[in-house]
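Here is the structure we will look at.
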Amino acid sequence: QVQLVESGGGLVQAGESLALSCAASGTIFRINAMGWYRQAPGNQRELVAATTSGDRTNYADSVKGRFTISRDNANNTVYLRMNSLKPEDTGVYYCNLDAQPRSSHYVYRYWGQGTQVTVSS
């Protein structure tokens, strides 16, 4: 069983910074990608940033230049550094993992429990 534990988040003012982290545990054979999604009230969940096993990164246009995703492969942990936060960044941020557990030949998508990020104007 693969589990994701998120930490970070909170309430900040516009222009400030926050950092999120997400640690994956369990019997993981291979991780294909790790990333962060967010969901604002009334909106669909959207991709914020992702990183693949080849260290390629992908960002939503709205966060390019402000957010940085990184990962610690040794500890199966992904981070999201968020600078110059804006009120529109407010939402629940979910960690995402595409991984193959040791007990399977297939790749599955796993989700963290979500952490609230609120940016006040």
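Counting from 1, the numbers follow the sequence of the chain as shown.
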Within a strict 4.5 Å, meaning less than it, do heavy atoms of the [X] and [Y] side chains meet?
| X | Y | value |
| --- | --- | --- |
| Tyr110 | Pro101 | yes |
| Ile31 | Asn76 | yes |
| Thr57 | Tyr59 | yes |
| Glu6 | Gln113 | yes |
| Trp36 | Asn96 | no |
| Arg81 | Ser17 | yes |
| Tyr79 | Thr51 | no |

task: Output, in order, the C-alpha distance, side-chain angles, deciding distance and verdict of side chain to side chain contact (heavy atoms under 4.5 Å, CB included) for Phe29 and Val107.
output: CA-CA 10 Å; Phe29 174 68; Val107 176; over 6 Å; no
Nearest 0.5 Å, please: how far is [atom2] in [Y] from [atom1] in [X]?
| X | Y | atom1 | atom2 | value |
| --- | --- | --- | --- | --- |
| Ser121 | Lys86 | OG | NZ | 13.5 Å |
| Met34 | Arg71 | CE | CZ | 6.5 Å |
| Ser84 | Arg66 | OG | CZ | 7.0 Å |

query: Among side-chain atoms of Asn58 and Arg56, is any donor-acceptor pair under 3.5 angstrom?
result: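 There is no such pair between these side chains.
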- request: Give a yes-or-no answer on whether the side chains of Ser7 and Ser21 include a donor-acceptor pair shorter than 3.5 Å.
  value: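 Yes, a side-chain donor-acceptor pair sits under 3.5 Å.
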message: With a 3.5 Å distance limit and no angle check, can you tell me whether Ser62 reaches the backbone of Ala60 through a side-chain donor-acceptor pair?
response: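 Checked: no pair found.
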query: Can you check whether Ala74's main-chain N or O pairs, donor with acceptor, with Asp72's side chain at less than 3.5 Å?
result: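 Yes, Asp72 side chain to Ala74 backbone: donor-acceptor pair under 3.5 Å.
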- prompt: What are the two closest heavy atoms between Gln39 and Asn43, and how far apart are they?
  reply: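 Answer, listing the atom of Gln39 first, then Asn43: NE2-O, 3.1 Å.
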task: List the atom of Leu4, the atom of Cys95, and the distance in Å for their closest heavy-atom pair.
output: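 Scanning both residues completely, I find the closest heavy atoms to be CD1-O, 3.8 Å.
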message: As a quick check of understanding, evaluate side chain to side chain contact (heavy atoms under 4.5 Å, CB included) for Val78 and Ile69, giving each step before the final call.
response: CA-CA 7 Å; Val78 64; Ile69 188 170; 3.8 Å; yes
field: Parallel, tilted or perpendicular: ring planes of Trp111 versus Tyr94, cut at 30 and 60 degrees
entry: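 Ring orientation, 0 to 90° scale: perpendicular.
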query: Within a reach of under 6.0 Å around CD of Gln116, are more than 12 heavy atoms found that belong to other residues, nucleotides or ligands?
result: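 Yes.
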task: Just grab all the salt bridge (Lys or Arg N to Asp or Glu O under 4.0 Å) pairs involving residues 104-118, residues at least two apart or on different chains.
output: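 Residue pairs passing salt bridge (Lys or Arg N to Asp or Glu O under 4.0 Å), neighbours aside: Asp98-Arg109.
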query: Do Tyr108 and Ile28 belong to the same hydrophobic cluster, where Ile, Leu, Val, Met, Phe, Trp and Tyr are linked whenever their side-chain heavy atoms lie under 4.5 Å apart, directly or via other members?
result: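 Yes; tracing contacts between hydrophobic side chains, which count when under 4.5 Å, links both residues.
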field: same_hphob_cluster(Tyr93, Val119) at 4.5 Å side-chain heavy-atom cutoff
entry: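 Same cluster: Tyr93 reaches Val119 through Ile, Leu, Val, Met, Phe, Trp or Tyr contacts under 4.5 Å.
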query: Stepwise, does the side chain to side chain contact (heavy atoms under 4.5 Å, CB included) test hold for Val2 with Leu97?
result: CA-CA 9 Å; Val2 177; Leu97 171 73; 3.6 Å; yes
message: Salt bridge check, Arg38 against Asp89: does any charged N sit closer than 4.0 Å to a carboxylate O?
response: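 Result for this pair is yes, salt bridge flagged.
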message: Testing Leu20, Leu80, Leu11 one by one against Val117 for a side chain to side chain contact (heavy atoms under 4.5 Å, CB included), which residue passes?
response: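 Running side chain to side chain contact (heavy atoms under 4.5 Å, CB included) over Leu20, Leu80, Leu11 with Val117 returns exactly one hit, Leu20.
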